[in-house]
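Before any comments, here is the structure.
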Amino acid sequence: MLSKTFIAVLTAVATIQALPTVDPNPAGVTYEVLDAFPDGEYVGYTYPNGTVTGHMIDEKGIIKRSIAVHPKEDGLGAAAEVTKRDGGIQRRFVDCWANQFLDRTGTDRAANCLRNRAKQSGGIDLRTPSTSGLYYGCVDSAVRVYYCVNKPNSWGNANLDDINYGLRQMDARCQPYQASYFRWDNTPEIVGKARADTRICLP
């Protein structure tokens with residue numbers, strides 16, 4: 001599976017290739033422009049014009065395809081919640097998207113895919129470029145479950161416990177299989193689930 005070291009290398013390569021442009025074919029990469037993301041594992045960005053790109057990777061972390069999709073809507077939530085923990089008040093944001101419900105089988109499989117990647121040694125390690133956030137996610141049956149760092153020039157790491165915690169927070173506050181995301185307080189790190197044609201990881 002993909003190692004922490006390889007994720008860092010992959011994102012460094014992607015940073016060089018992901019130029020700050022609306023051109024879906026930056027230098028060095030030929031993107032297939034599709035209507036939807038095929039099932040698979042991805043590392044990618046959302047561009048300023050809304051185009052979401054993804055480098056599909058295999059189990060060894062080798063890039064198989066580079067895909068660009070023009071999503072239909074933004075991954076914006078409806079509400080933020082404040083929870084108490086350890087005697088103090090800490091902000092934990094869970095946003096539930098009122099009108100977006102997901103394929104159950106696809107959601108479960110995509111979530112397990114994300115868990116499988118996160119439980120590898122080193123977890124999922126993302127370092128963002130200077131122009132955008134960065135996501136790692138799994139797509140199954142038009143559903144994407146993902147981990148994201150949505151701030152340029154930032155770093156984040158998620159292990160299996162982190163992914164499970166984020167998924168549990170969404171399940172506790174949103175309806176079953178409702179698109180949503182969880183964000184830790186004072187960090188740019190997000191765990192989310194949404195239709196694969198949704199703009200995610202917006203800085």
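Heads up: numbering here begins at 1 and tracks the sequence.
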With rounding to the nearest 0.5 Å, note down the distance linking [atom1] in [X] to [atom2] in [Y].
X      : Y      : atom1 : atom2 : result
Asp125 : Trp155 : CG    : CH2   : 5.5 Å
Arg117 : Ile57  : CZ    : CD1   : 4.5 Å
Tyr181 : Cys174 : OH    : SG    : 11.0 Å
Cys138 : Tyr147 : SG    : OH    : 14.5 Å
Thr107 : Gln178 : OG1   : CD    : 11.5 Å
Met170 : Tyr177 : CE    : OH    : 12.5 Å

**OP:** Indicate if Ile63 and Tyr136 have the same hydrophobic cluster label, given that clusters are the connected sets of ILVMFWY residues with side-chain heavy-atom separations under 4.5 angstrom.
**Re:** yes

Do [X] side-chain atoms and [Y] backbone N/O form a donor-acceptor pair below 3.5 Å?
X      : Y      : value
Thr46  : Ile200 : yes
Glu189 : Trp184 : no
Asn157 : Gly122 : yes
Thr53  : Ile67  : no

Between [X] and [Y], is any pair of side-chain heavy atoms under 4.5 Å apart?
X      : Y      : result
Asp171 : Lys193 : yes
Pro38  : Arg65  : yes
Thr128 : Leu134 : yes
Lys151 : Thr187 : no
Tyr146 : Ile190 : yes

**OP:** Please step through side chain to side chain contact (heavy atoms under 4.5 Å, CB included) for the pair Val149 and Arg127, ending with a clear verdict.
**Re:** CA-CA 8 Å; Val149 178; Arg127 299 178 186 274; over 6 Å; no

Original post:
Relative to Phe93, does Arg183 satisfy both conditions: NZ or CZ under 6.0 angstrom from the six-membered ring centre, and within 45 degrees of the ring's axis?
Top reply: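 Because its charged atom sits under 6.0 Å from the ring centre and within 45° of the axis, Arg183 does stack over Phe93.
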
**OP:** State which residues pass side chain to side chain contact (heavy atoms under 4.5 Å, CB included) with Asp161; sequence neighbours excluded, sorted by chain then number.
**Re:**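 Residues passing side chain to side chain contact (heavy atoms under 4.5 Å, CB included) with Asp161: Asn159.
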
Original post:
Residues in side chain to side chain contact (heavy atoms under 4.5 Å, CB included) with Cys201, at least two apart?
Top reply: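 Partners of Cys201 by the side chain to side chain contact (heavy atoms under 4.5 Å, CB included) criterion, ordered by chain and then number, come out as Tyr135, Cys148, Asn150.
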
Original post:
Does any donor atom in the side chain of Asn112 or Arg115 lie under 3.5 Å from an acceptor atom in the other side chain?
Top reply: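 A donor-acceptor contact under 3.5 Å links the two side chains.
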
What are the two closest heavy atoms between [X] and [Y], and how far apart are they?
X      : Y      : answer
Leu167 : Ala111 : CD1-CB, 4.1 Å
Ile163 : Ala158 : CD1-CB, 4.0 Å
Val145 : Ala110 : CG2-CB, 3.6 Å
Ala194 : Trp97  : CB-CZ3, 3.0 Å
Pro129 : Tyr45  : CG-CE2, 3.3 Å
Pro152 : Ser130 : CB-O, 3.5 Å

Subject >> Crowding at CG, Asn99 (>12 non-hydrogen neighbours, <6.0 Å) >> reply: no

**OP:** Determine, stepwise, if the pair Cys113 / Glu41 fulfils side chain to side chain contact (heavy atoms under 4.5 Å, CB included).
**Re:** CA-CA 8 Å; Cys113 169; Glu41 299 181 52; 3.5 Å; yes

Original post:
For the rings on Tyr31 and His55, is their centre-to-centre separation under 6.0 Å?
Top reply: yes

Subject >> Near-ring test Tyr165/Phe182, centroid separation under 6.0 angstrom >> reply: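 Ring centres of Tyr165 and Phe182 closer than 6.0 Å.
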
**OP:** Let me see the working for Asp162 and Ile124 under side chain to side chain contact (heavy atoms under 4.5 Å, CB included), right down to the final yes or no.
**Re:** CA-CA 10 Å; Asp162 297 326; Ile124 302 171; over 6 Å; no

